Amino acid sequence: MVTLTSFEKELAALIGRPTGLRPFVCDGSPLECQAFIVGFNPATTLSADFWEFWRTDYGFDKAAWLEAYKKDRQDRPLRPKQKRRNLISTTRRVLDWMSEAASPIRCLETNIYSAPTEQAADLAFHCRVTTPFDFLLAALRPNIIVAHGDDAVAYLQQMKLSAQVIPVSHLSRGWSREAAAALGQKVKTACANAQPIIPPDLAHEAAQAGEFKR
């Protein structure tokens, strides 16, 4: 049986501790997340270690993480010709709208690649490692996956998954609150209609193989 303790141990073996990677964000236990929201890679680099927001008896402390996220965005110097930076990104705002509309379905926000860069094009080749994401898929077995952006959609469509994949445009542009809420409602309905997927004890193959897919 998968527990938070065993999940933590397997994940730490893959990403290290401490780590600058951000394999996922969720509110509480990732084991209770029926839906994944998947992008390319995180866009905001945090000074804090991912594990600072992890509680073995609770899961991920999203509220504490969000405060650190806002502070780092506020404190980061602006790029040339950049006049201001919003306290939260457009993608983060849309993610929150979606999650609110999907409630009580729990959503796990993750990415194909766990290394953060402000621009996707800045992600170095040696950082394009999918092992943490592949582990999450195998360990948590989501019923529904929302893939946003061409790269995430392409990666998931070439995989043989039991989950239903909902491809959408990238959440960083073109999404109103109403559209995000409608997508959250779609996730809720799809999860309600999905056949439950029984997770394995743990995704040992993903953890033990240690082969980085690029």
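Owing to the predicted nature of the structure, the values given are computational and were not obtained by experimental measurement.
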Search all heavy atoms of [X] against all heavy atoms of [Y] and return the closest pair with its distance.
X: Pro116; Y: Thr45; value: O-OG1, 3.6 Å
X: Pro30; Y: Leu4; value: CD-CD2, 3.9 Å
X: Ala101; Y: Gln185; value: O-NE2, 3.5 Å
X: Ile37; Y: Met98; value: CD1-CE, 3.7 Å
X: Leu156; Y: Ala147; value: CD1-CB, 3.5 Å
X: Ala152; Y: Ile112; value: CA-CG1, 4.0 Å

In chain order, what residues pass the salt bridge (Lys or Arg N to Asp or Glu O under 4.0 Å) check against [X], with sequence neighbours excluded?
X: Asp61; result: Arg55
X: Glu52; result: none
X: Arg93; result: none
X: Lys70; result: none

**Q.** Option passing side chain to side chain contact (heavy atoms under 4.5 Å, CB included) with Thr110 (candidates Val38, Ile145, Leu140)
**A.**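 That would be Val38.
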Q) Which value, rounded to the nearest 0.5 Å, describes the distance between Arg73 atom CZ and Ile88 atom CD1? A)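 Atom-to-atom, Arg73:CZ and Ile88:CD1 are 8.5 Å apart.
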Q | Interatomic distance, Glu10 atom CD to Leu136 atom CG [nearest 0.5 angstrom] | A |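 That separation rounds to 11.5 Å.
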Q: Provide the full list of salt bridge (charged side-chain N to carboxylate O under 4.0 Å, His left out) pairs with a residue in residues 174-186, sequence neighbours left out, each pair given once.
A: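 Every salt bridge (charged side-chain N to carboxylate O under 4.0 Å, His left out) pair that includes a residue of residues 174-186, provided the two are not neighbours, is Glu100-Arg177.
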Q. Under the salt bridge (charged side-chain N to carboxylate O under 4.0 Å, His left out) rule, what pairs show up with a residue in residues 149-163, not counting sequence neighbours?
A. none
Q: Give the C-alpha distance, both sets of side-chain angles, the deciding distance and a yes or no for side-chain hydrogen bond (donor to acceptor under 3.5 Å, both in side chains) between Tyr69 and Ser89.
A: CA-CA 10 Å; Tyr69 165 93; Ser89 70; 3.2 Å; yes
Closer than 3.5 angstrom, by distance alone: can the side chain of [X] be matched with the main-chain N or O of [Y] as a donor-acceptor pair?
X: Asn111; Y: Tyr113; value: no
X: Asp72; Y: Ser47; value: yes
X: Thr19; Y: Gly16; value: no
X: His148; Y: Val168; value: no
X: Gln157; Y: Ala154; value: no

(Q) Going by the rule ring-ring contact (aromatic ring centres under 6.0 Å, His included), which residues pair with Phe36 if we only count those two or more places apart in sequence or in a different chain? (A) none
**Q.** Intermediate values then yes/no, side-chain hydrogen bond (donor to acceptor under 3.5 Å, both in side chains), Ser169 and Trp175
**A.** CA-CA 9 Å; Ser169 61; Trp175 285 85; 3.3 Å; yes
Q.
Between Arg17 and Glu8, does the salt bridge (Lys or Arg N to Asp or Glu O under 4.0 Å) criterion hold? Intermediate values first, please.
A. CA-CA 11 Å; Arg17 195 168 191 165; Glu8 175 184 348; 2.6 Å; yes
Among residues at least two apart in sequence or on other chains, which ones pass side-chain contact (heavy atoms from CB on, under 4.5 Å) with [X]?
X: Ala35; answer: Ile105, Cys107, Ile144, Val187, Cys191
X: Ala120; answer: Phe40, Asn41
X: Ser172; answer: Thr91, His170
X: Ala115; answer: Leu21, Leu123, Cys127

Q | Phe133 and Phe24 aromatic centres sub-6.0 Å | A | no
Q | Any pair counted as side-chain hydrogen bond (donor to acceptor under 3.5 Å, both in side chains), so long as it reaches residues 21-31, sequence neighbours left out | A |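 Every side-chain hydrogen bond (donor to acceptor under 3.5 Å, both in side chains) pair that includes a residue of residues 21-31, provided the two are not neighbours, is Asp27-Tyr58.
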Q: Take Ser162 and Arg141 through the side-chain hydrogen bond (donor to acceptor under 3.5 Å, both in side chains) test and state the conclusion after the steps.
A: CA-CA 8 Å; Ser162 53; Arg141 298 288 184 92; 5.2 Å; no
